[in-house]
A.B. asks: 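Structure provided below as structure tokens; questions to follow.
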Amino acid sequence: MKNEKMNKVCRVLGIDPGLANTGFGIIDSCHGQYRMVSYGVIETSSSQSHGERLLTIYSRLQAVIDEFKPDEACMEALFFARNVTSAISVAEAKGVVTLCLSQNAIPVNEYKPNQIKKAVTGTASADKELVERYVQLLLNLEVKPEPDHAADALAGAICHIHTAFGSPSI
């Protein structure tokens, strides 16, 4: 199956869900190589109602899907947070993202933070700065992708490509 996937272009949408900032990154993978297509952040304002913020995430993610037509998606798995309120907000944003992907028949995979770090840098204990630097190097970008939510989404997409297709050439 991995060999079949390696021989066609597969567009992967990486997502870093959050209520205030949902990062996204889109990477094409083909023949054991990949390239960055686009990245960005869906921002919501604390002045919006909670429901409006979730609707903004949904509608802007739908616009990204409509524009780039990804084949697959991935997100960072939730981990236990000390701040329960923050964890609930992230979980709600993640639910909206999952709904949007499901409605578009886009399969989604989840990866633990240490899986993403290891896939991108080779070590599960990498700090945020090292992950961002490796994302820049692996995608042959002139500058590190910013903001960090977008870089995290690209890192997730790289992890998914490594996991689903094997390690690409760079």
A.B. asks: So, for Ser38 and Leu154, which heavy atoms are closest and what is the spacing to 0.1 Å?
C.D. replies: O-CD2, 4.2 Å
A.B. asks: Counting only heavy atoms not in Tyr134, do more than 12 sit closer than 6.0 Å to its OH atom?
C.D. replies: no
A.B. asks: Just verifying a value: how many Å separate Thr56 OG1 and Gln48 CD, rounded to the nearest 0.5 Å?
C.D. replies: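 Taking OG1 in Thr56 and CD in Gln48, the distance rounds to 4.0 Å.
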A.B. asks: What is the distance from atom SG of Cys10 to atom CD1 of Ile27, rounded to the nearest 0.5 Å?
C.D. replies: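 With rounding to 0.5 Å, SG (Cys10) is 11.0 Å from CD1 (Ile27).
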A.B. asks: For the atom pair CG (Asp152) and CD (Glu76), what is the distance rounded to the nearest 0.5 Å?
C.D. replies: 6.5 Å
A.B. asks: Between Glu43 and Ala20, is there a donor-acceptor pair closer than 3.5 Å when you use the side chain of the first and the backbone of the second?
C.D. replies: no
A.B. asks: What are the two closest heavy atoms between Ala77 and Pro113, and how far apart are they?
C.D. replies: O-CD, 4.2 Å
A.B. asks: I would like to know whether Lys144 and Glu129 meet salt bridge (Lys or Arg N to Asp or Glu O under 4.0 Å); could you show each step before the answer?
C.D. replies: CA-CA 10 Å; Lys144 287 190 291 187; Glu129 178 68 29; 2.4 Å; yes
A.B. asks: Within the structure provided, determine whether Ile158 and Leu139 are in side-chain contact (heavy-atom separation under 4.5 Å).
C.D. replies: yes
A.B. asks: Can you tell me how far the NE2 atom of His160 sits from the CD atom of Glu110, to the nearest 0.5 Å?
C.D. replies: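 These two atoms lie 12.5 Å from each other.
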A.B. asks: For Tyr58, what are the other residues in its hydrophobic cluster, where any two members join if their side-chain heavy atoms are less than 4.5 angstrom apart?
C.D. replies: Leu13, Ile15, Leu19, Phe24, Ile26, Val37, Ile42, Leu54, Ile57, Leu61, Val64, Ile65, Phe68, Met75, Val96, Val97, Leu99, Leu101, Ile106, Val108
A.B. asks: Would a hydrophobic clustering, with Ile, Leu, Val, Met, Phe, Trp and Tyr connected at side-chain separations under 4.5 Å, put Tyr39 with Val41?
C.D. replies: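 Different hydrophobic clusters.
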A.B. asks: Looking only at heavy atoms, what is the nearest atom pair of Gly156 and Ile116, with distance?
C.D. replies: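 Heavy-atom minimum between the residues: N-CG2, 4.0 Å.
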A.B. asks: For the residue pair Val90 and Pro17, what are the closest heavy atoms and their distance?
C.D. replies: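 Where Val90 meets Pro17 most closely, the heavy atoms are CG1-O, 3.8 Å.
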A.B. asks: Indicate yes or no: at least one non-hydrogen side-chain atom of Asn114 is less than 4.5 angstrom from one of Lys118.
C.D. replies: no
A.B. asks: Under 6.0 Å from the CD atom of Glu146, do we count more than 12 heavy atoms belonging to anything else shown?
C.D. replies: no
A.B. asks: Run the side chain to side chain contact (heavy atoms under 4.5 Å, CB included) test on Val120 and His162 for me, step by step, so that the C-alpha distance in whole Å, both residues' side-chain angles and the decisive distance to 0.1 Å come before the verdict.
C.D. replies: CA-CA 9 Å; Val120 173; His162 285 203; over 6 Å; no
A.B. asks: Is any side-chain heavy atom of Asn140 less than 4.5 Å from a side-chain heavy atom of Arg35?
C.D. replies: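 Side-chain contact under 4.5 Å: no.
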A.B. asks: Would you mind listing every side-chain hydrogen bond (donor to acceptor under 3.5 Å, both in side chains) that reaches into residues 13-22, with sequence neighbours excluded?
C.D. replies: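 As it turns out, the side-chain hydrogen bond (donor to acceptor under 3.5 Å, both in side chains) pairs with a partner in residues 13-22, which skip direct neighbours, are Asp16-His149.
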A.B. asks: Roughly how far apart are Ser45 OG and Glu52 CD, rounded to 0.5 Å?
C.D. replies: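 CD of Glu52 is found 9.5 Å from OG of Ser45.
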A.B. asks: Work out which heavy atom in Ala151 is nearest to a heavy atom in Pro145; give both atom names and the distance.
C.D. replies: CB-O, 3.7 Å
A.B. asks: For the residue pair Ser125 / Thr123, report whether a side-chain donor-acceptor contact shorter than 3.5 Å exists.
C.D. replies: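 Yes, because at least one side-chain N or O of Thr123 sits under 3.5 Å from a partner of the opposite role on Ser125.
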A.B. asks: Between CD of Glu132 and OG1 of Thr121, what distance do you get to the nearest 0.5 Å?
C.D. replies: 12.5 Å
